[in-house]
Amino acid sequence: MNADELLRDLTEPQLEAVTHAEGPLLLLAGAGSGKTRAITRRAAYLAATVTRPWNVLAITFTNKSANEMKERIVALGAGEDMTVCTFHSLCARSLRIHHESAGLPPNFTIVDQADRRQLIKKALERVQLAAENWRAAAETRISRAKNAMQSPAEMAEAAGYDDKTVARIYAAYEDILAENAGLDFDDLLFKLARLLQESEEVRCKLADRFRYILIDEYQDTNAAQYRIAHLIARDHQNIMVTGDPDQSIYSWRGADIGNILSFEHDYPNTKTVRLEQNYRSTKSILSAASALIDANVGRKKKTLWTENAEGMPVRVLTCDTGSLEAERVVTEIASLIAQGRRPSEFAIFYRTNAMSRALEEAFFVSGVCYRIARGTAFYARKEIKDILAYLRIMVNSADTVALERAINTPPRGIGKTTINKLKQFAEQQGCPLYAAVMRFGECGLSKRAENCIKSFAELLQTLQALADGSARDAIEQAVSRSGLMAQFTEQKDVNPEPLANANELVSAAEEFGRANPEATLLDWLTFASLLGDEDLSRGQSEAVSLMTLHAAKGLEFPCVYIVGLEEGLLPMVRGATDIDQEEEERRLFFVGMTRAMERLTVSHAVWRMVRGATLRATRSVFLDELPGDEVEWVDRSRNGADRNRREPQACVRDDLHLWAVGTLVRHPEYGIGQVMSMGRRAGRTHVNVRFEDGREQPWLLEFASDLERVDFDEIG
DNA sequence: GTCAGCCAAATTTTT
DNA sequence: TTTGGCTGAC
């Protein structure tokens, strides 16, 4: 596409943003205002006019949005050479290249959240504190410190006992990370920010390479990310940021809404463009959402408007209990589907994951397909981590977390006693655990244990010889030689997932190798450690989406339900001391509301079960902030009008004894599946079946006549 | 090495 | 209520 074509079909403000050439640009983009369109067009336009693609850097927060953005930019004809990536992967790559200046080993491994927890536990042991009392505090505060670019020493200068204690844990944790040659997610940002600050040479290199930078979702940046952006853009000032302060919902993770609010101040010649026309929602939805967000006081004024239809009013539903609320919502969705809507047009949002339970139960009864957008990432699965552990040892033998995981996975007779002896030896010698494994003869082990360790040591050596080859081969070898493959294959009838996931990992590596022929195993590991699972989601089946409000950001659905509008839930915190937090909760609700295109329903229950106890709930203040004339209140509580609620029918058929979790079934249309869970509710039995394509489908057993039980042998 | 049983903890979680 | 982690018995 040539430059003129890139400017086609743009609104006036979009055009302004796209064609702005030099200097800082702030794009304040309201929900649903075509922000991505503006940013991708601009990236392509820059590459076509004032600069070359490889001099442009576009940064996002998630892999998903990076991939989407890249795809769209490539489709606009701007070439593959533009760097479109997440903050974290930019950091990982840059630190890999400039590891020497950063004082890092070249083969550092990236430590994920679960590993991080283990390491913090070790740090607690090392400073001899009762783990239970400090674990949670240490986890959040160390992360916060790193995000704010604070070292352990700086933290120790703080006054309180708590700070000093956490600083000790932090220091121990840093030591352990260094011993493992590991960097956690926060380190990636922190270390690059510090490197850019301290090394003029590296800073100039990056600034020269990336002459134009674009940052999406700028309201979610933390102090380290702010520094990185600033240090790259300081000289050329070609920095464009987009975002919406009203959608800042991650302050609890260190995001600083102040970054976007003070952008014009930080970059004095900023041109500010506002995208205020909304293309997503009806007038009713938009004005309800606008009225709500207006209640935030320290807010940068912004007025969203739309040319869309008025639409139906936003509805507020009152129910007696959480489960009745769920039942109502699901019943309504079922009837709309019966009238011709597709399941994928619906989404239900809630504040906490625990709230999905009631909804799931209601879905069981209704038989409507649903899908929960959960956080269990592909790369966080046990079998995947087991494999990655071997690969990590291959590139970084100091990676003790990986070693401890791999040493007896699959079981090879190396028990706690043996491991402790090895650890003891390592400690005495001041060497990494890996060295102890290699010097198994000196650790005072029993003959039996020594043999086990010996073959493990040999395995590691064999694998390490492959470390310089392709990632694909490394994985294949690691999986088969470690015995993991045998384990997965053996259990495939009981649980086919590990085998499937292992194979998927191999194909992912193969694909990566094809796209990056030069890439080493280390490159692939860097890439894989930073990946979530959204890219690998299998089988886009028709289903209603269930997710937390946080997970909803960036998505849109024709029909949206937001449940649990109660004090203590949404907003979760409240009170004069916590104005900022309350405002963030309001933004969270705002984000949820603005996902809706046509129909928006919010609900609350009079009684809510919280941790086993049923408590009287107070309706959320947010509901009272919605404009009266745009909103229809529907009271379905006992004192309300709904006396004709359909009671569940009695159980027709009870085959519970014939069915069990894990039973294989065949469906004429969906193929072979497996019973994932079963339950009884209101005297009826329901089963939840997952099929080969990843689709999950609930059935009420008496209506599940299409399901046929099959035996393992039958499908080989 | 595995498993039942007990206790404690329970927002959100882009990487 | 549910879940995960840890402990102690086989």
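Only heavy atoms go into these numbers, but all of them, side chains included; no hydrogens, no water, no symmetry mates. The sequence lines fix the lettering, A, B, ..., with proteins before strands; numbering per chain opens at 1.
- Going from atom CD1 of A/I59 over to atom C1' of B/dT15 covers 14 Å, rounded to whole Å.
- Side chain A/R351 to base B/dT11: a donor-acceptor pair is found below 3.5 Å.
- Considering every non-hydrogen atom in both A/F108 and A/L522, the closest pair reads O-CD1, 4.4 Å.
- Pairs of residues two or more places apart, or lying in two chains, that qualify as side chain to side chain donor-acceptor pair (under 3.5 Å) and include a residue from residues 604-613 of chain A are A/E325-A/R608, A/E566-A/R608.
- For A/T352, whose side chain is taken as the heavy atoms from C-beta onward, the closest listed nucleotide among B/dT12, B/dT15, B/dG1 is B/dT12.
- A distance-only check finds no donor-acceptor pair linking the side chain of A/H88 to the backbone of A/L188 [under 3.5 Å].
- Remark: A/R117 engages A/E139 in a side-chain hydrogen bond (donor to acceptor under 3.5 Å, both in side chains) (not counting sequence neighbours).
- Proximity note for A/R357 (side chain, C-beta onward) versus C/dT1, C/dT2, B/dT2: the nearest is C/dT2.
- In this model, the phosphate group of B/dT13 is not approached by any side-chain N or O of A/K553 to a distance below 4.0 Å at OP1 or OP2.
- At a threshold of 4.0 angstrom between heavy atoms, the contacts of A/Q113 include nucleobase atoms, whether or not backbone atoms are also involved.
- For A/N353 and B/dA10, the shortest distance from a side-chain N or O to OP1 or OP2 is not below 4.0 Å.
- For B/dT15, the base has no donor-acceptor partner in the side chain of A/R116 [N/O atoms by modelled type, under 3.5 angstrom].
- Comparing atom distances between the A/L530 side chain and each of B/dT15, B/dT2, C/dT1 picks out B/dT15 as nearest.
- For A/Y350 and B/dT13, the OH to P distance is 9 Å, given to the nearest whole Å.
- The phosphate of B/dT14 (OP1 or OP2) has no side-chain N or O of A/S65 nearer than 4.0 angstrom.
- Side-chain proximity of A/T62 to the nucleotides C/dC6, B/dT14, B/dT13 is greatest for B/dT14.
- At B/dT14, none of the side-chain N or O atoms of A/N63 fall inside 4.0 Å of OP1 or OP2 (strictly under the cut-off).
- Taking atom CD of residue A/E566 and atom P of nucleotide B/dT11, one finds them 16 Å apart after rounding to whole Å.
- With salt bridges taken as basic N to acidic carboxylate O contacts below 4.0 Å, one links A/D216 and A/K35.
- For A/R611 and A/I414, each mapped to the nucleotide of DNA chain B holding its nearest heavy atom, the one lying further toward the 5' end belongs to A/I414.
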